[in-house]
Participant: 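Sharing a structure, written as structure tokens. Questions coming.
Sequence lines set the chain letters: A, B, ... in the order given, protein chains first and strands last, and positions in each chain run from 1.
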Amino acid sequence: MLKPIRSSVLINSIMSHAFSKIDTNLLKTITDTKNLKLGKGFHCQMIISSQFDLILTNYLINLYAKCGDLNFARKVFNEMPERNVVSVSSLMAGYFHNGLPSEVFSVFRLMGFGRLLVRPNEYIFTTVLASCADIQALIEGRQCHAYVLKYGLLFHTYVRNALLHMYSRCSQVEDALVVFKTVLDFDIFSANSIINVFLEHECITEAKNVVRSMVAKIGLWDHITYVSVLSLAAASRDLILGCQAHGQITKRCLEVNDFVRNATVDMYGKCGDVLSSQHAFLGARVRNVVLWTTVMAACTQNGFLEDALKLFLEMVTDGIQPNELTYAVILYSCAGLSVLRNGEAIYALVEKSGHKAHLPVGNALINMYSRCGTIEDAHRVFTTMLQKDIISWNSIISGYSHHGLGREVLEAFRTMLMGGVAPSYATFVGVLSACGHLGLVKEGFYYLNHLMRDFGVVPGIEHHTCLVGILSRAGLLDEAEKYMRYTHVEWDIVAWRTLLSGCRVHRNFRLGKKVAHHILQLDPHDVGTYILLSNIYARESQWDGVLDVRKLMRGRCVKKEPGVSWLQVRNEIHVFTSEDKQHPLINQICEKLEDLITRIKLIGYLPDSSSVLHDVEDEQKQEYLIYHSEKLAISFGLISLPSGAPIHVMKNLRVCADCHTAIKLISNVTGRKIIVRDANRFHCFNHGACSCNDYW
DNA sequence: CTAGGGTTAG
């Protein structure tokens with residue numbers, strides 16, 4: 001029933017016009033401005049004056065539909081003595097715009113059974129096809145395509161564009177192209193649609209060709225074209241194209257549109273220009289959730305992780321409610337920084353907000369826990385997820401792999417295959433690293449040469465590097481070198497360093513020196529390689545070699561990147577470097593560390609000075625080793641964290657051999673679990689052993 | 001009297 005209209009003025013005005021003819025222009029204006037209250041007044045006027053002709057009633061359906069009151073629209077529709085195609089399409093459009101595509105279908109089915117006695121026209125198919133696109137109902141979409149052909153409606157631009165869009169949303173590039181090719185002189189709608197089809201399927205060249213062909217008609221471009229072109233620039237990391245689009249946008253004052261601004265902020269972020277991204281963000285008059293999330297993502301993608309956290313706080317302070325993607329983005333920032341406490345605080349917000357069931361959030365939680373070193377929690381999140389997608393599987397597999405849990409990786413991989421989930425590029429990176437951890441050489445080759453092909457995944461440099469790692473780890477260093485020599489891959493520094501690490505662990509210094517010099521030819525500033533090379537000479541007691549490395553570094557102005565370790569205690573991040581003694585508790589920390597060193601010396605610790613690069617006397621070398629940043633950080637953790645709590649430490653470089661031995665023994669004498677995330681992987685020290693099995 | 005295309009995570 002009608003709700004009472006409170007405004008007496010309104011009632012008076014309507015009653016005074018009650019018996020006059022309905023002003024359809026006014027009714028249209030009311031519809032356009034979505035003024036439901038005034039609209040109901042008109043409905044009253046129609047009832048009172050018994051004006052119920054077909055066209056007027058259609059106006060009424062449209063009015064209720066546009067105002068989102070579908071129950072009323074349906075009621076009016078149901079009670080009509082006769083209906084025409086406009087009545088049906090108005091109602092359908094109402095359902096469509098209010099996110100009820102299934103209702104659109106049910107009305108369409110009513111037409112199909114003939115009960116409505118109305119022949120569908122181009123308006124009907126445009127709306128039904130849009131609904132198919134909405135819920136990716138490909139089968140229904142194809143049926144509509146058949147009807148369209150049967151009724152000869154394909155040459156209506158609207159219908160063609162709706163078909164194009166439907167196929168694009170249903171990921172049917174071929175069908176979309178077939179439709180697109182029937183378009184002789186495409187309008188801006190079909191152009192926008194086809195650009196997005198290409199974009200969605202990473203056909204960057206084709207998309208750019210369409211854009212190029214549209215340059216002559218730039219006057220036709222609307223704000224959606226710019227959104228598409230900006231997305232294209234973002235996807236292809238094409239800052240020049242992005243700037244050109246942004247220039248046009250500014251000139252044509254289209255930046256006021258939220259979507260355009262979001263796409264601009266995103267484009268600059270994806271192209272690596274964080275400053276311009278932030279600038280475009282700051283220029284917004286009003287900032288919605290998506291805009292905040294986009295700029296936070298731009299920071300996260302470019303490593304400005306603290307900025308992302310700051311923006312999140314600002315956003316919440318501004319009273320903007322985060323959505324599921326905001327949580328995903330901020331969790332990825334926490335993961336990158338390894339700040340477990342912040343990650344858990346966000347988790348609490350996620351639980352409270354009810355966004356936990358969203359896939360991106362669950363996936364981001366798995367990643368956050370695994371990158372913060374608590375793989376058990378990552379596993380818990382993973383197993384309690386209601387649905388999982390390929391990213392969920394890849395996240396847990398990659399997490400296990402970074403923690404050196406080879407068996408768990410293969411177990412998850414088997415479960416995934418049995419569940420009918422197709423593995424992707426990233427899956428195989430995790431699986432092949434697991435083969436390395438487990439020493440499964442034959443299996444590694446089988447996965448690369450057969451299984452990957454079976455699943456249509458083309459092996460990339462990461463996979464080949466994993467094979468180098470598998471061979472190296474198994475001690476098959478010459479085979480690893482041959483593999484690199486004879487496999488047609490453009491090897492990068494990471495791959496060569498994998499082989500070099502193998503040479504270090506298996507003490508193959510002849511090959512090690514050769515590989516190190518090769519790396520230094522590729523990149524004369526790769527500090528890690530100088531350290532390893534110096535290490536190799538030191539272990540062979542070739543002190544001339546050590547001196548040569550130092551001379552080489554000095555000559556090339558290569559400075560050892562200072563080792564930095566940090567850990568989170570309560571709400572603070574405490575940062576340690578070996579040289580500086582800035583920490584307020586430094587005296588207690590050093591005291592604790594000296595005590596630890598004394599205790600581990602009793603169970604066999606011998607400082608290993610081959611890791612020291614400085615020109616220092618022997619007794620000073622030990623000093624430098626003792627005060628390596630990770631040792632300081634762990635000592636601090638031991639005096640400031642509750643007894644029994646695991647100690648999580650992050651480090652910018654790889655753990656050195658001396659610290660690795662020392663930390664194993666420290667975990668023994670203190671009975672603590674110590675988790676170190678270095679530049680490469682996690683080391684979980686427990687009861688005197690490390691999860692990496694001393695290979696890293 | 002009725003209809004179409006677009007933004008944020010891995």
Side-chain angles (χ1 to χ4, degrees), chain A residues 24 27-28 31 53-63 65-66 84-94 96-97 104 121-131 133 153 156-166 168-169 186-197 199 222-231 234 257-267 269-270 288-298 300-301 322-333 335 358-364 366-368 389-395 398 424 426:
Chain A
T24 49
L27 192 48
K28 199 171 160 48
T31 303
D53 69 72
L54 179 62
I55 291 177
L56 215 46
T57 314
N58 285 346
Y59 266 114
L60 207 53
I61 294 174
N62 192 33
L63 167 88
K66 286 270 162 68
N84 68 3
V85 69
V86 179
S87 332
V88 181
S89 67
S90 301
L91 182 66
M92 277 184 168
F96 170 66
H97 284 295
V104 176
N121 67 359
E122 66 274 21
Y123 286 81
I124 300 287
F125 285 112
T126 306
T127 309
V128 178
L129 282 166
S131 306
L153 295 170
H156 283 101
T157 317
Y158 275 83
V159 176
R160 235 167 26 214
N161 290 344
L163 260 173
L164 184 55
H165 182 232
M166 183 275 293
S168 124
R169 284 296 306 272
F186 54 81
D187 68 357
I188 200 66
F189 280 84
S190 48
N192 293 343
S193 286
I194 202 70
I195 291 174
N196 288 313
V197 177
L199 247 180
D222 62 6
H223 60 282
I224 291 171
T225 320
Y226 285 106
V227 172
S228 307
V229 174
L230 287 168
S231 307
N257 179 285
D258 284 353
F259 285 85
V260 174
R261 192 179 289 274
N262 287 332
T264 309
V265 173
D266 181 52
M267 179 277 293
K270 294 264 164 59
N288 62 23
V289 212
V290 181
L291 190 62
W292 279 100
T293 309
T294 309
V295 74
M296 279 162 48
T300 306
Q301 285 153 355
N323 70 15
E324 70 276 15
L325 285 188
T326 322
Y327 287 121
V329 170
I330 205 66
L331 283 166
Y332 281 109
S333 304
H358 284 104
L359 266 172
V361 178
N363 294 344
I366 297 174
N367 185 55
M368 184 275 288
D389 64 1
I390 179 67
I391 306 296
S392 325
W393 287 99
N394 288 351
S395 304
S398 144
S424 72

Participant: Between Y123(A) and dT2(B), do the rings stack, that is, sit under 5.5 Å apart with planes less than 30° off each other?
Facilitator: yes
Participant: Classify the nucleic acid contact of I124(A) as base, sugar-phosphate or nothing, counting any heavy atom under 4.0 Å across all strands shown.
Facilitator: nothing
Participant: What is the nucleic acid contact for F96(A), judged by heavy atoms within less than 4.0 Å: base, sugar-phosphate only, or nothing?
Facilitator: sugar-phosphate
Participant: Which of these nucleotides, dA9(B), dT2(B), dG4(B), is closest to any side-chain atom of N62(A)?
Facilitator: dT2(B)
Participant: Using only heavy-atom distances, decide whether a donor-acceptor pair under 3.5 angstrom links the side-chain of D222(A) to the base of dG5(B).
Facilitator: yes
Participant: Give the nucleotide from the list dG5(B), dC1(B), dA3(B) with an atom nearest to the side chain of I55(A).
Facilitator: dC1(B)
Participant: Closer than 3.5 angstrom, by distance alone: can the side chain of N84(A) be matched with the main-chain N or O of S87(A) as a donor-acceptor pair?
Facilitator: yes
Participant: If we ignore hydrogens and angles and just use 3.5 Å, is the side chain of D187(A) paired with the main-chain N or O of S190(A) as donor and acceptor?
Facilitator: yes
Participant: So if I take every side-chain heavy atom of D266(A) and compare against dT8(B), dG6(B), dA3(B), which nucleotide ends up nearest?
Facilitator: dT8(B)
Participant: Spell out yes or no: do the side chain of D187(A) and the base of dG5(B) have one donor N/O and one acceptor N/O closer than 3.5 Å?
Facilitator: no
Participant: Respond yes when some side-chain nitrogen or oxygen of K270(A) is under 4.0 Å from OP1 or OP2 of dA9(B), and no when none is.
Facilitator: yes
Participant: Could you please name the option among dC1(B), dT8(B), dG5(B) that lies closest to any side-chain atom of A297(A)?
Facilitator: dT8(B)
Participant: Would one find a side-chain N or O of H97(A) under 4.0 angstrom from OP1 or OP2 of dG4(B)?
Facilitator: yes
Participant: Check every atom of dG4(B), dT8(B), dA3(B) against the side chain of A130(A) and return the nucleotide holding the closest atom.
Facilitator: dG4(B)
Participant: For a quick check of understanding: with a heavy-atom distance under 4.0 Å over all strands, which category does Y332(A) fall into, base, sugar-phosphate or nothing?
Facilitator: sugar-phosphate
Participant: Applying side chain to side chain donor-acceptor pair (under 3.5 Å), can you list everything that pairs with T293(A), at least two apart in sequence or on another chain?
Facilitator: T326(A)
Participant: Do S168(A) and N196(A) meet the criterion of a side-chain donor-acceptor pair at a distance under 3.5 Å?
Facilitator: no
Participant: With a 4.5 Å limit on heavy-atom distance, are the side chains of N363(A) and D389(A) in contact?
Facilitator: yes
Participant: From C-beta outward on P360(A), which listed nucleotide comes closest to its side chain: dA9(B), dA3(B), dG6(B)?
Facilitator: dA9(B)
Participant: Side chain of S89(A): nearest nucleotide among dG4(B), dA3(B), dT2(B)?
Facilitator: dT2(B)
Participant: What is the nucleic acid contact for T293(A), judged by heavy atoms within less than 4.0 Å: base, sugar-phosphate only, or nothing?
Facilitator: base
Participant: Using only modelled atom types and a 3.5 angstrom limit, is any donor from either the side chain of N196(A) or the base of dG6(B) paired with an acceptor on the other?
Facilitator: no
Participant: Using a 4.0 Å heavy-atom cut-off across all strands, classify T157(A) as base, sugar-phosphate, or nothing.
Facilitator: base
Participant: For Y59(A), answer base if it contacts any base atom (sugar-phosphate contacts may also be present), sugar-phosphate if it contacts only those atoms, and nothing otherwise; contact means non-hydrogen atoms under 4.0 Å.
Facilitator: sugar-phosphate
Participant: Measure the distance from CG on N84(A) to P on dA3(B) and round it to the nearest whole Å.
Facilitator: 14 Å
Participant: When you measure from the side chain of N323(A), which nucleotide among dT2(B), dG6(B), dT8(B) comes out closest?
Facilitator: dT8(B)
Participant: From dA9(B), dA3(B), dT2(B), pick the nucleotide closest to the side chain of V329(A)?
Facilitator: dA9(B)
Participant: So, using side chain to side chain donor-acceptor pair (under 3.5 Å) as the criterion, who are the partners of T300(A) when residues are at least two apart?
Facilitator: S333(A)
Participant: Quick one: is dT8(B) close enough that its OP1 or OP2 comes under 4.0 Å of any side-chain N or O from Q301(A)?
Facilitator: no
Participant: Does a side-chain N or O from H165(A) land closer than 4.0 Å to OP1 or OP2 of dG5(B), or not?
Facilitator: yes
